[in-house]
Visitor: 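This is the structure I want to talk about, given as structure tokens.
Owing to the predicted nature of the structure, the values given are computational and were not obtained by experimental measurement. Just so we're on the same page: letters track the sequence lines, and every chain starts at 1.
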There are 2 protein chains.
Amino acid sequence: MNFQQLRIIREAVRQDFNLTEVANALFTSQPGVSKHIRDLEEEIGVELFIRKGKRLLGLTPPGKELVPVVERILRDTQNLKTIADQFASNEHGNLTIATTHTQARYALPEVIKQFKQRYPKVHLTLHQGGPTEIAEMLVQGIADVGIATEVLHVSPALAAFPSYSWHHAVIVPHDHPLNAVQDLTLEAIAAYPIITYNEGYTGRAQIDRAFAQADLHPDFVLSAIDADVIKTYVEVGLGIGVIASMAFNPAKDTGLKLLNADHLFEKNTTYIAVHRGTFLREYAHQFALMLAPEIDESALRAAAESV
Amino acid sequence: MNFQQLRIIREAVRQDFNLTEVANALFTSQPGVSKHIRDLEEEIGVELFIRKGKRLLGLTPPGKELVPVVERILRDTQNLKTIADQFASNEHGNLTIATTHTQARYALPEVIKQFKQRYPKVHLTLHQGGPTEIAEMLVQGIADVGIATEVLHVSPALAAFPSYSWHHAVIVPHDHPLNAVQDLTLEAIAAYPIITYNEGYTGRAQIDRAFAQADLHPDFVLSAIDADVIKTYVEVGLGIGVIASMAFNPAKDTGLKLLNADHLFEKNTTYIAVHRGTFLREYAHQFALMLAPEIDESALRAAAESV
DNA sequence: TATCCTTACGGAATTCGTAAGCATG
DNA sequence: CATGCTTACGAATTCCGTAAGGATA
């Protein structure tokens with residue numbers, strides 16, 4: 001048994017059992033991949049993959065049990081290197097953050113500025129994606145921490161901690177009739193075409209839920225991933241916008257007005273997530289604490305260390 | 001990085017940093033061991049061992065952090081093989097039990113007979129030793145389950161479950177004056193030379209505690225690891241014996257009489273222990289359940305699977 | 001001076017990549 | 001017939017053991 005064999009097993013699952021792709025992903029030859037798999041199967045005495053003719057289709061029952069152990073071994077080898085790097089220097093290294101546009105654009109800049117002041121030599125990488133992609137990046141070990149409002153609880157392999165809370169707000173052009181309304185209601189909003197986030201992004205589920213509970217069916221005329229796009233279309237008069245309030249900048253968004261809607265939509269909570277069993281560098285840990293100061297530090301360590 | 005390097009690191013700790021012994025233990029050459037260590041240290045970029053001249057003296061701080069991860073990786077590779085064997089056959093395999101003389105001689109025979117009936121093809125190995133040796137055998141993965149009355153809680157890496165409880169009793173020759181006594185007291189016992197278990201064995205601590213609390217200082221004229229030895233010396237009149245009551249067999253120990261002492265000594269509990277993070281074969285699991293039927297099955301699985 | 005580690009080097013074993021062949025959707 | 005896996009074989013690399021040398025209790 002060797003590590004290359006284990007990497008191949010893990011990659012085979014990730015590449016949907018296409019060994020040619022596995023070979024590409026691991027920068028090796030395809031026949032070598034085949035041989036490694038057969039060697040390992042022979043060594044441990046069970047077939048890991050279901051085969052139909054020459055193709056691999058999936059995992060056998062033993063394969064299903066063994067793959068998580070393989071993944072843990074490989075994660076631990078990664079941890080070995082990470083811990084060693086930690087001792088080599090607390091100040092340099094890489095930190096990869098997977099997050100959504102909204103967080104990257106409006107919530108993170110302040111924290112990242114602060115982080116860079118403390119750790120100027122740490123190289124930061126920001127990966128952007130939807131919630132499921134963020135979760136996947138954590139699971140695959142591509143990203144160290146993930147930040148999103150939506151379901152980062154999906155996989156039990158992830159540990160999520162609340163970072164901060166915020167509300168949606170309504171944005172309208174300056175000359176819009178809603179500007180005159182005193183107490184904003186869902187009914188009043190639902191009377192106009194609405195531009196807001198895509199499903200699965202930035203608390204969209206909360207927005208839908210609020211209207212559904214009020215038995216309202218507004219016209220979602222356009223949806224987008226980010227507030228900048230939404231604001232643009234509100235400005236051109238396509239409808240009113242519902243965005244995260246922090247995405248409104250009075251200094252820059254001069255053509256628009258922000259209407260408070262805290263009482264209309266449920267509070268949203270943005271979470272910071274890490275992958276259980278993956279060692280966190282000291283600075284990654286500090287980054288998490290900067291973003292969520294009230295996080296239970298020992299819980300974070302525990303999440304990162306146990307499986 | 002390869003598994004041999006990791007095995008060498010683990011073995012270096014076990015062999016107290018004597019690389020010659022490491023080479024012997026792993027059936028390889030000593031220069032190879034040295035090279036593997038230096039290669040690994042170079043690869044991860046930190047020194048794992050404190051060196052004085054050419055000798056290794058201990059672990060550096062990074063070494064102390066990394067060794068547990070190395071151990072977990074190696075344990076998981078063992079788990080891979082164990083799980084694979086499990087699928088190859090539920091009925092064959094090996095089960096290694098580490099236990100004390102007392103358990104092996106008096107408590108286990110019935111359970112083992114029952115186990116062999118259910119799993120006739122499983123090869124059983126009984127390793128005998130003191131409590132610390134039993135714990136060590138579990139930690140090193142030499143034994144699958146450990147059974148003892150004494151401290152198996154020492155290492156947090158072990159999970160111990162109560163199996164059954166028992167009391168000490170007094171044994172005397174037939175013509176002994178204590179035979180006539182109605183209500184046995186500690187004072188009455190302490191008046192005679194006592195033969196009982198060695199320190200650290202079969203609840204000896206309970207016996208000492210009982211006398212200490214009564215402020216009695218009996219003459220422990222002889223101590224031994226097993227009841228057979230104790231009985232022999234009681235028969236020749238060297239003193240009275242204090243043994244586990246289950247070690248008395250009225251049919252065979254015809255020259256002796258058993259005096260109940262449940263009210264004099266605290267109850268003892270025999271524990272069954274496994275090493276956390278080590279996968280238990282189905283039959284090993286069943287063995288544990290036979291020995292401790294009221295064990296929480298999910299707790300046992302959890303102990304065996306998490307770290 | 002005996003123990004223990006390192007360096008050096010040659011051979012053994014493993015791993016890897018290329019080329020060719022075969023099965024399947 | 002293109003995709004995907006296997007077999008076969010030679011090259012490259014890694015691993016291992018022996019022999020010799022040096023440091024330390």
Visitor: 5'-most contact on DNA chain C: A/N2 or B/R38, nearest heavy atom basis?
Guide: B/R38
Visitor: Between A/E91 and A/R281, does any side-chain N to carboxylate O distance fall below 4.0 Å?
Guide: no
Visitor: Within the 4.0 Å heavy-atom criterion, would you say B/F17 contacts the bases, only the backbone, or no part of the nucleic acid?
Guide: sugar-phosphate
Visitor: Specify the separation, in whole Å, of atom CD of A/E42 and atom P of D/dT7.
Guide: 11 Å
Visitor: Rounded to the nearest 0.5 Å, how far apart are CE of A/M137 and NE2 of A/H275?
Guide: 14.0 Å
Visitor: From C-beta outward on B/L19, which listed nucleotide comes closest to its side chain: C/dC5, D/dT6, C/dG17?
Guide: C/dC5
Visitor: Report yes if at least one side-chain N or O of B/N18 is closer than 4.0 Å to OP1 or OP2 of C/dT3; otherwise report no.
Guide: no
Visitor: Verify the contact: side-chain N or O of A/S34 to OP1 or OP2 of D/dT6, cut-off strictly under 4.0 Å; return yes or no.
Guide: yes
Visitor: Write down the distance between CD1 (A/I8) and P (C/dT15), rounded to a whole number of angstrom.
Guide: 11 Å
Visitor: What nucleotide, of D/dG22, D/dG17, C/dT7, holds the atom closest to the side chain of B/S29?
Guide: D/dG17
Visitor: Among the nucleotides D/dT6, C/dT15, C/dT6, which one has an atom lying closest to any side-chain atom of A/R51?
Guide: D/dT6
Visitor: Whole angstroms only, please: what is the CG-C1' distance between B/L56 and D/dA23?
Guide: 13 Å
Visitor: Just the rounded figure in Å: distance from P of C/dC4 to CG of B/N24.
Guide: 10 Å
Visitor: What is the distance from NZ of B/K35 to P of C/dC4, rounded to the nearest Å?
Guide: 23 Å
Visitor: Can you confirm whether the side chains of A/Q78 and A/R75 place a donor and an acceptor under 3.5 Å from each other?
Guide: no
Visitor: Among the nucleotides D/dT6, D/dA19, D/dC16, which one has an atom lying closest to any side-chain atom of A/P31?
Guide: D/dT6
Visitor: Students often get this wrong, so: under 4.0 angstrom with heavy atoms, is B/G32 touching a base, only sugar-phosphate, or nothing?
Guide: nothing
Visitor: Would you mind reporting whether B/I112 and B/F287 have side-chain heavy atoms less than 4.5 Å apart?
Guide: yes
Visitor: Using whole Å, report how far CZ of A/R7 lies from P of C/dT15.
Guide: 12 Å
Visitor: Where the side chain of A/K54 is defined as all heavy atoms beyond and including C-beta, which of C/dT15, C/dC5, D/dG4 is the nearest nucleotide?
Guide: D/dG4
Visitor: Have a look at B/T202 and tell me which of B/D226, B/T149, B/T102 forms a side-chain hydrogen bond (donor to acceptor under 3.5 Å, both in side chains) with it.
Guide: B/T102
Visitor: Of the nucleotides C/dA19, D/dA25, C/dT15, which one has an atom closest to the side chain of B/K52?
Guide: D/dA25
Visitor: Could you tell me how far apart B/D39 (CG) and D/dC15 (C1') are, to the nearest whole angstrom?
Guide: 10 Å
Visitor: Output the single nucleotide from C/dC16, D/dC16, C/dC5 whose closest atom is nearest the side chain of B/T20.
Guide: C/dC5
Visitor: Do B/T132 and B/E136 get their side chains close enough for a donor-acceptor pair, meaning under 3.5 Å?
Guide: no
Visitor: If you compare every side-chain N and O of A/H36 against the phosphate oxygens of C/dT14 (OP1, OP2), does one of them come in below 4.0 Å?
Guide: no
Visitor: Is any side-chain N or O of B/R55 under 3.5 Å from a base N or O of C/dT3, one able to act as donor and the other as acceptor?
Guide: yes
Visitor: Round to a whole Å and report the spacing from CD of B/E41 to C1' of C/dT6.
Guide: 14 Å
